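Below: the structure, in structure tokens.
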Amino acid sequence: MTEIVGPRLYSCCNCRNQVALHDDVISKSFQGRNGRAFLFSHAMNVVVGPKEDRQLMTGLHTVADVYCRDCREVLGWKYERAYEETQKYKEGKFILEKSKIVKENW
């Protein structure tokens, strides 16, 4: 008998709302506000807050906090704009903090 396994996902640590696919992980070596964070190409079931300029470890960026759509837990942020040429690859991508997400279907 073959077991059907769905895609590996990450969910909100608070309410288990599915917020990202493992296949969309670009890097696991980012730093969030509260420790390690992952860079994702896409996120789902999230709300993007207002844009603001923020000085991060890699320079000035325009970012918007990202919240779980269901419980409003802050999960990370979205890079809207990078001012340094070497950081442009982050634009449109999402940081989700490892402490705010849990693995599903692993």
Side-chain angles (χ1 to χ4, degrees):
M1 182 175 197
T2 305
E3 183 180 337
I4 299 172
V5 179
R8 293 190 296 174
L9 302 163
Y10 291 95
S11 298
C12 171
C13 68
N14 194 43
C15 71
R16 297 300 197 265
N17 179 26
Q18 297 173 349
V19 295
L21 296 171
H22 176 71
D23 288 347
D24 290 335
V25 173
I26 295 170
S27 174
K28 293 183 177 181
S29 58
F30 274 71
Q31 187 68 27
R33 286 189 192 104
N34 304 305
R36 201 162 141 212
F38 300 163
L39 181 68
F40 288 86
S41 58
H42 301 93
M44 57 191 175
N45 300 320
V46 296
V47 175
V48 179
K51 297 176 189 178
E52 66 179 51
D53 284 345
R54 202 177 287 167
Q55 186 67 40
L56 302 173
M57 292 174 61
T58 54
L60 183 64
H61 295 80
T62 302
V63 298
D65 284 340
V66 173
Y67 304 85
C68 173
R69 186 190 67 203
D70 289 351
C71 72
R72 300 295 190 231
E73 178 80 20
V74 177
L75 302 175
W77 63 83
K78 181 180 181 183
Y79 286 104
E80 298 288 352
R81 181 176 178 203
Y83 290 89
E84 305 210 9
E85 199 59 40
T86 59
Q87 302 301 309
K88 293 281 188 190
Y89 74 96
K90 297 176 185 174
E91 292 181 343
K93 312 272 188 317
F94 294 84
I95 286 288
L96 298 179
E97 298 202 40
K98 187 178 180 208
S99 65
K100 302 289 186 147
I101 56 177
V102 294
K103 296 176 180 179
E104 303 276 352
N105 293 335
W106 289 66

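Starting from 1, each residue takes its place in the sequence as its number. Side chains included, hydrogens not; waters and symmetry mates left out as well; all remaining heavy atoms used. Every value quoted in this text rests on a predicted model; they were computed, and no experiment measured them.
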Minimal non-hydrogen separation, His42 against Ala20, with atom names: O-CB, 4.3 Å
Heavy-atom pair of closest approach, residues Asn105 and Arg8: O-CG, 3.4 Å
Is there any salt bridge (charged side-chain N to carboxylate O under 4.0 Å, His left out) pair reaching into residues 18-37, and which pairs are they, with sequence neighbours excluded? Arg33-Asp65
Treating Gln18 as the side-chain partner and Leu9 as the backbone partner, does any N or O pair qualify as donor plus acceptor under 3.5 Å? no
Side-chain heavy atoms under 4.5 angstrom apart, residues restricted to Ile, Leu, Val, Met, Phe, Trp, Tyr: same cluster for Leu56 and Tyr89? yes
Hey, what do you get for NZ (Lys90) to NE2 (His61), rounding to the nearest 0.5 Å? 4.0 Å
SG-NZ distance between Cys13 and Lys98, expressed to the nearest 0.5 angstrom: 13.0 Å
Same apolar cluster (I L V M F W Y, side chains within < 4.5 Å links), Val102/Leu96: no
Mind listing the closest non-hydrogen atom pair of Ser27 and Ser29 along with its distance? OG-OG, 3.0 Å
Phe40: which residues meet the ring-ring contact (aromatic ring centres under 6.0 Å, His included) condition with it, sequence neighbours left out? Tyr10
Provide the closest heavy-atom pair for Cys68 versus Asn17 in the form atom of the first, atom of the second, distance. SG-ND2, 3.4 Å
Scan the side chains in residues 69-77 for donor-acceptor partners under 3.5 Å anywhere in the protein, sequence neighbours excluded, and list what turns up.
unit_1 : atom_1 : unit_2 : atom_2 : d
Arg69  : NH1    : Asn45  : OD1    : 2.8
Arg72  : NH1    : Arg69  : O      : 3.0
Glu73  : OE2    : Lys100 : NZ     : 2.8

Ser41 versus Lys93, closest heavy-atom pair with distance: CA-CD, 3.8 Å
Same cluster (ILVMFWY, side-chain, under 4.5 Å), Val63 and Leu39: yes
With the 4.5 Å side-chain cut-off for hydrophobic clustering, are Ile95 and Ile101 part of the same group? no
Sort and list the pairs that fulfil salt bridge (charged side-chain N to carboxylate O under 4.0 Å, His left out) and have at least one residue in residues 74-88, not counting sequence neighbours. Lys88-Glu91
Once you round to the nearest 0.5 Å, how far does OG1 of Thr62 lie from CZ of Arg54? 10.5 Å
Might you point out which heavy atoms bring Ala82 and Gln87 nearest each other, and give the distance in Å? CB-O, 3.3 Å
Who are the side chain to side chain donor-acceptor pair (under 3.5 Å) partners of Thr86, not counting sequence neighbours? none
Decide whether Phe38 and Phe94 are clustered together by the hydrophobic rule: side chain heavy atoms of Ile, Leu, Val, Met, Phe, Trp, Tyr closer than 4.5 Å, transitively. yes
By side chain to side chain donor-acceptor pair (under 3.5 Å), Arg16 pairs with (sequence neighbours left out) none
